[in-house]
Every structure is written in structure tokens, then in C-alpha cells.
Colleague: 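Encoded as C-alpha cells, here's the structure I'll be asking about.
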Amino acid sequence: MDRMLALILLCPFVYFTTVTAEQDNVCFRPKLAASIETDGLQRFFSPGVELTLSCKQGHTPVSGPRKIVCGGSGQWTKTRLMCIPKRCPNPDPLSNGELYYEDTVFQSTINYTCDEGYTLTGDRAAVCLANGTWSTTVPECKPVTCGLAPIPHFGMIIYDKMIRGNTTNYSVGGTYKCPPPYVLFGNSRAECTVSGHWTKTPECQVVTCPAPENIDKGYISSTDPRDYDYMETVKYGCNGDYVLEGSLHIVCQQDGNWSEKPSCKAPCSVGMQKGRILYKGQKIWIKDLQPNKVLHKEIVSVYCMDKARKCGYAVSTQCIDGELKIPECFEEPSGVDYTIHSSSLPSEIEQC
Ligand SMILES: *[C@@H]1O[C@H](CO)[C@@H](O)[C@H](O)[C@H]1NC(C)=O
Ligand SMILES: *[C@@H]1O[C@H](CO)[C@@H](O)[C@H](O)[C@H]1NC(C)=O
Ligand SMILES: *[C@@H]1O[C@H](CO)[C@@H](O)[C@H](O)[C@H]1NC(C)=O
Ligand SMILES: *[C@@H]1O[C@H](CO)[C@@H](O)[C@H](O)[C@H]1NC(C)=O
Ligand SMILES: *[C@@H]1O[C@H](CO)[C@@H](O)[C@H](O)[C@H]1NC(C)=O
């Protein structure tokens with residue numbers, strides 16, 4: 001009666017036909033589990049009609065009678081037939097890869113993927129077939145390999161590890177080198193990539209520098225007016241009392257320019273006529289400095305007077321490329337002081 005009520009609520013038409021069916025004692029098409037099928041396709045069945053049940057494709061019957069009969073009261077006889085989906089065997093593991101599946105029953109799928117550095121040969125997916133077998137065999141994950149790395153003209157490669165044979169595995173790397181006068185243009189690192197190809201090969205190109213220029217007040221080891229190769233060096237020197245500042249050598253660089261040239265720095269004269277200086281650890285009268293010349297970067301001290309305390313003190317100054325500044329506290333003595341009272345000069349009296 002409950003079923004009747006439900007049908008009435010659902011649809012008046014159904015209610016009407018149901019009433020008709022009840023009156024005629026016919027059976028409706030039976031309601032069966034989704035995995036069960038039957039040979040009768042019509043909507044109504046007369047009392048006494050027998051239907052044969054079977055399991056749908058990919059399912060196996062486990063229990064219960066395979067037939068139902070339309071009873072006199074419009075009811076089908078009960079069936080306890082159960083159909084369970086076929087199960088495929090558990091899939092074998094995939095070495096160097098992964099398999100993804102949720103179930104192994106009929107129509108389940110397995111997806112296969114390979115670890116990075118491996119390529120899949122075979123099918124990427126398998127389906128559990130109606131007969132309980134997988135549609136494909138387990139694929140294989142084969143390591144990605146590259147051939148030997150292409151080598152640039154005039155260059156070479158140093159592999160990170162020993163290579164046996166003429167193939168390399170994925171992720172094997174190396175470093176390209178171009179011997180001088182060649183310079184490497186591009187990426188010096190090489191690697192066997194996932195695609196089975198090497199990274200882009202760099203080029204080895206000759207690099208030259210123009211003939212180097214001489215420096216002011218100096219000389220150069222080679223005056224050959226030719227182009228110089230990458231990594232070639234020339235040497236500089238300075239004339240006379242000039243002092244070389246910077247690097248003695250310059251080298252032809254990758255960019256075709258020379259490294260920075262040194263320069264020659266001028267000596268200085270100590271700009272005083274009368275007085276004593278401290279030079280190279282010795283106190284000497286300026287007239288005894290012959291010639292009056294100190295070299296670039298050399299340090300000279302002059303003597304100043306602390307008038308309040310009546311004592312003398314040395315103040316140092318440095319020769320910088322021909323210029324030696326006399327400290328402001330220095331006072332050139334008068335001729336009389338210098339010749340007669342020389343013992344009262346700041347360099348001679350008690351030091352502060
Ligand atoms: C397998 O791959 C298909 C398509 O890429 C996807 O729709 C499905 O969800 C995957 N199944 C599993 C179990 O990962
Ligand atoms: C299962 O079915 C597939 C496809 O219909 C067929 O190729 C295969 O041979 C069958 N396997 C067995 C064990 O019957
Ligand atoms: C790789 O080496 C094998 C055996 O040493 C040789 O038969 C094959 O021709 C080589 N392949 C290439 C591309 O050089
Ligand atoms: C390359 O990889 C395979 C598999 O991972 C390994 O068996 C083999 O020894 C490797 N070859 C080299 C030269 O490392
Ligand atoms: C090379 O020297 C030239 C001239 O001094 C300069 O213009 C150029 O930028 C230098 N090249 C490089 C790569 O430093």
C-alpha cells in the first residue's frame with residue numbers, strides 16, 4: 001500500500017495505470033539491481049510469465065535463483081541473485097615509476113607514470129576488462145639517455161664523472177672548455193636533459209686584443225704592432241725615477257680588451273731650502289739630500305714647533321705623483337736662525 005501511495009503522489013497517470021495493473025493482476029517490469037539484466041523488455045507481464053535473469057557483462061553471479069515469475073497478485077517472486085563485478089589481479093609494481101588506481105574491479109583504470117629521467121614505453125593506462133584481465137601489460141620505464149655531448153669546434157668537454165660507452169644517462173653533466181686563444185661563448189655547463197638531448201652547445205671563438213699602447217714615462221716589453229691572442233701578456237716598466245703603479249703585466253681578456261694598464265708616477269722634490277727632514281729613518285739636512293728627490297709614495301717628515309710648549313715634533317707627508325705637500329705648521333727659518341741659531345730649530349730642540 002505504501003508503494004501505491006508513493007506512486008499516487010508522484011504521478012496521477014502512474015496511479016491510474018497502477019490501478020489498472022492491480023485490477024488485471026499483471027506485473028510491472030521488475031526492479032533489479034544495476035548489475036542484473038533480464039530478457040523481457042516490455043512494461044507489463046501477465047501472471048505466470050517467467051523471466052530469466054543474468055549478470056551484466058563484467059559481473060559474476062554469486063548466489064540465488066536465476067528466474068523470477070509474475071505472481072497472481074502482480075508481484076514477482078523474490079530473487080537473491082547477486083552479481084559482483086569481476087576483479088582483475090592486483091597490478092604488478094612499475095620500477096622507476098608509479099601507478100595510480102582506485103580499484104581493480106571491472107572498468108577500473110590504472111594510470112602509469114615514470115619517474116623523472118625515465119621514459120614510458122607501452123601504454124599509459126590499463127582498463128580492467130569484462131573477462132577480469134587488464135587491457136594492457138605493465139609498461140616499462142626506461143632511463144633517459146643522451147648520446148655523447150656534442151663538442152664545439154676547438155673545444156672540449158670534461159664530464160663530471162666517467163662515461164662508459166657512448167651514451168650518458170639523464171642529468172649527467174659536464175663543463176665545456178675552450179683553450180686559449182679561444183674563448184667560450186654560451187653556457188659552459190652541459191647536461192643530458194629529460195628530453196634525451198644535451199643542452200645547447202657553446203662556441204669557441206678566437207679573441208684577440210689590438211697591439212697594446214705604451215704608457216707615459218714608461219716602456220713596454222713588446223712593441224710588435226700585431227693583434228695579441230686572448231691570455232697573452234705584456235709587461236711594462238717606468239723610466240728613471242718614475243714608479244710603476246698598478247699591475248706589472250697586462251693580459252688580453254675575453255672581451256678583447258686588455259686588463260688595466262699601470263701608470264708611471266713622478267718623483268717629488270722636497271720644497272724647502274733650509275731645515276732638516278726625517279727620510280728613510282734618518283735625520284738629514286735638506287742641503288744634504290742630493291739630488292733633492294724622493295720617489296712616488298715615499299714618506300718624508302718635516303719638523304714643526306709647538307710654540308706653547310717650546311718643543312719640536314715631526315709631521316709626515318707623502319710624495320704623490322710629483323707632489324709633496326709641506327705641512328702647514330712648518331716654518332722655513334730665516335737665514336740667521338739657520339746659520340747661527342741652528343740648535344734652536346724645531347728639529348734640534350727637545351721633541352714634544
Ligand atoms: C587516470 O588518468 C585519467 C586521464 O588523465 C584521469 O581522468 C583519471 O582520473 C586518472 N585515474 C587515476 C586513478 O588517477
Ligand atoms: C579478455 O578479453 C580481451 C578483449 O576482449 C581479450 O583480448 C583477451 O584475450 C581475453 N583474455 C582472456 C584470458 O580471456
Ligand atoms: C656506440 O658504441 C657501440 C659499441 O661500442 C657501437 O656499436 C655504436 O655504433 C656506437 N654508436 C654511435 C652512435 O657511435
Ligand atoms: C645509467 O642508468 C642506469 C639505470 O638507472 C644504470 O643502470 C646505469 O649504470 C647508469 N649508467 C651510468 C654510466 O651511470
Ligand atoms: C673594451 O674597451 C672599449 C674601449 O675602452 C670599451 O668601450 C668597451 O666597453 C670595452 N669592452 C668591454 C666588454 O668592457
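Model, not experiment: these values are computed from the prediction. The analysis underlying the following values was restricted to heavy atoms, covering all of them including side chains, and did not include hydrogens, waters or symmetry mates. We count ligands from 1, going down the list as the structure has it; atoms in each ligand are counted the same way.
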Colleague: Which of the atoms in ligand 2, numbered in the order shown and given with their element, are less than 4.0 Å from a heavy-atom of Leu129?
Modeller: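 Checking each atom against Leu129, I get 2 (O), 3 (C), 4 (C).
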
Colleague: Using distance alone, with no hydrogens and no angle criterion, decide if Tyr118 and Glu140 have a side-chain donor and acceptor under 3.5 Å apart.
Modeller: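 Side-chain D/A pair, Tyr118 to Glu140: absent.
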
Colleague: Distances for all N or O pairs of ligand 5 and the protein under 3.5 Å?
Modeller:
from: ligand 5; atom 1: 2 (O); to: Asn257; atom 2: OD1; distance (Å): 3.0
from: ligand 5; atom 1: 2 (O); to: Asn257; atom 2: ND2; distance (Å): 2.3
from: ligand 5; atom 1: 11 (N); to: Asn257; atom 2: ND2; distance (Å): 2.9
from: ligand 5; atom 1: 14 (O); to: Asp255; atom 2: OD2; distance (Å): 3.3

Colleague: For residues 217-266, which residue pairs pass the ring-ring contact (aromatic ring centres under 6.0 Å, His included) check, not counting sequence neighbours?
Modeller: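 Output for this query lists Tyr228-Trp258.
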
Colleague: Would you kindly say whether Tyr338 and Glu332 are connected by a side-chain donor-acceptor distance under 3.5 Å?
Modeller: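 No - no donor-acceptor pair under 3.5 Å links their side chains.
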
Colleague: Polar-atom distance check: Asn111 versus ligand 1, any N or O pair below 3.5 Å?
Modeller: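 Yes: some nitrogen or oxygen of Asn111 is under 3.5 Å from one in ligand 1.
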
Colleague: Between Thr199 and Arg189, is there a side-chain donor-acceptor contact under 3.5 Å, judged purely by atom types and distance?
Modeller: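 Distance-only check fails for Arg189 and Thr199.
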
Colleague: Checking side chain to side chain donor-acceptor pair (under 3.5 Å) against Asp241, which of Lys265, Lys217, Lys293 comes through?
Modeller: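 So, applying the side chain to side chain donor-acceptor pair (under 3.5 Å) to Asp241 and each of Lys265, Lys217, Lys293, only Lys293 qualifies.
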
Colleague: Once you measure the plane-to-plane angle for Trp198 and Tyr159, does it fall in the parallel (<30°), tilted (30-60°) or perpendicular (>60°) bin?
Modeller: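 Aromatic pair Trp198/Tyr159 classed tilted.
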
Colleague: If you draw a 6.0 Å radius around CD in Glu232, do more than 12 non-hydrogen atoms from other residues or ligands fall strictly inside?
Modeller: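 Yes, the 6.0 Å shell around CD holds more than 12 heavy atoms from other groups.
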
